[in-house]
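In each ligand, atom 1 is the first atom listed, and ligand 1 is the first ligand listed.
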Amino acid sequence: MRRTIIAGNWKMNKLFPEVEDFLFELSENLEAKDLGKIDVIICPPSLYMEIATDVAVDSKFYIGAQNVNDKDLGAYTGEISACMLDSMDIDYCIIGHSERREYYSETNEMINAKVKRLQENAIVPIICVGETLEQREQGITQDVILEQLNGAFKDIRIEENVIIAYEPVWAIGTGKTATPEQAQEVHFLIRNWIRENYSPLTADNLSILYGGSMKPANTAELLMQPDIDGGLIGGSSLDISQFTQMIDTALNIK
Ligand code: 13P
């Protein structure tokens, strides 16, 4: 069955004391809730992964990483591998985020290798795709998304769990959200691609998240779209009350 996912991508934010406060508060906020088909995920900076997994183990949320290297172990200074994440009981990992594609030159090939390493270690990849403003204005949004999907999923089987996040680059951190209709159109395209390349059942079961200036005020209209199964939330996931409100909205709608 398709899950609804409310995931917070903290990016490079928060100092240690705030991390503890946030996580304990989230744990408390979720304690009395019946989350049903909703999974809540926090993706903190990797430095905070240990405290995050310690709190999560007795709480109703999961921990994800923001990135992973495509090698297993070895002389790669500053990097973290999928088997290390697995050894810390990390359940999810964002890959191919547009900020990594743009600032760290990540290619579809690298993203594909990362999906493979994550699957080998039973970690669920959250694979990000999305077009830039220039690409949208050129009318090539669909081509860009399909190229990213073809690259990321090359030789990948999806019996294992995989999540896709559609994050239009022009909507990230800009306050400019895709309209529910614009987002739905691309989510439909993605689900259709999964249907054609895998199976109708896989397409039905796969969660596709929206990301890009998602906040309490626009969560309901986005989640009401038939192919939007949750959010990958940046700025609004840093604030415990906004993030909790968005979880509550998901609980009301899904
Ligand atoms: P914002 O919600 O801050 O726009 O960020 C979205 C995002 O990039 C999540 O991965």
Inset, instruction - Would you mind listing the cluster partners of F188? Hydrophobic ones only (ILVMFWY), side-chain contacts under 4.5 Å, chaining allowed. - result: none

Legend entry - E99 and K11 ion-paired at < 4.0 Å: yes

Inset, instruction - State the atoms of ligand 1, each with its element, that fall below the 4.0 Å cut-off from a heavy-atom position in G212. - result: 4 (O), 6 (C)

Legend entry - Sidechain N-carboxylate O distance under 4.0 Å for R100, E106: yes

Legend entry - Any N or O of K11 closer than 3.5 Å to N or O of ligand 1: yes

Legend entry - Region of I172 that comes within reach of ligand 1 [heavy atoms, distance under 4.0 Å]: both

Inset, instruction - Give yes if a backbone or side-chain nitrogen or oxygen of G173 is under 3.5 Å from a nitrogen or oxygen of ligand 1, and no if not. - result: yes

Inset, instruction - Would you kindly specify which portion of A171 sits under 4.0 Å from ligand 1, judged on non-hydrogen atoms: side chain, backbone, both or neither? - result: backbone

Inset, instruction - Could you find the nearest protein heavy atom to atom 2 (O) of ligand 1 and give me its residue, atom name and distance? - result: G234 N, 2.9 Å

Inset, instruction - Using modelled atom types only, decide if a donor and an acceptor are shared between the side chain of K176 and the backbone of A171 within a distance under 3.5 Å. - result: no

Inset, instruction - Say whether T244 and N29, considering side chains only, have a donor N or O and an acceptor N or O under 3.5 Å apart. - result: yes

Inset, instruction - Can you run down the ring-ring contact (aromatic ring centres under 6.0 Å, His included) pairs that involve residues 197-245, sequence neighbours left out, and say none if there aren't any? - result: none

Inset, instruction - Of the side chain and backbone of H97, name the one, both, or neither that has a heavy atom under 4.0 Å from an atom of ligand 1. - result: side chain

Inset, instruction - Would you check the N or O atoms of E99, main chain and side chain alike, for any that come under 3.5 Å of an N or O of ligand 1? - result: no

Inset, instruction - Give the residue, atom name and distance (to 0.1 Å) of the protein heavy atom nearest atom 7 (C) of ligand 1. - result: E167 OE2, 3.2 Å

Inset, instruction - Under 4.0 Å from a heavy atom of G235: give me the atoms of ligand 1 that qualify, with their elements. - result: 1 (P), 2 (O), 3 (O)

Inset, instruction - State, without any angle test, whether E167 and H97 hold a side-chain donor-acceptor pair at a distance under 3.5 Å. - result: yes

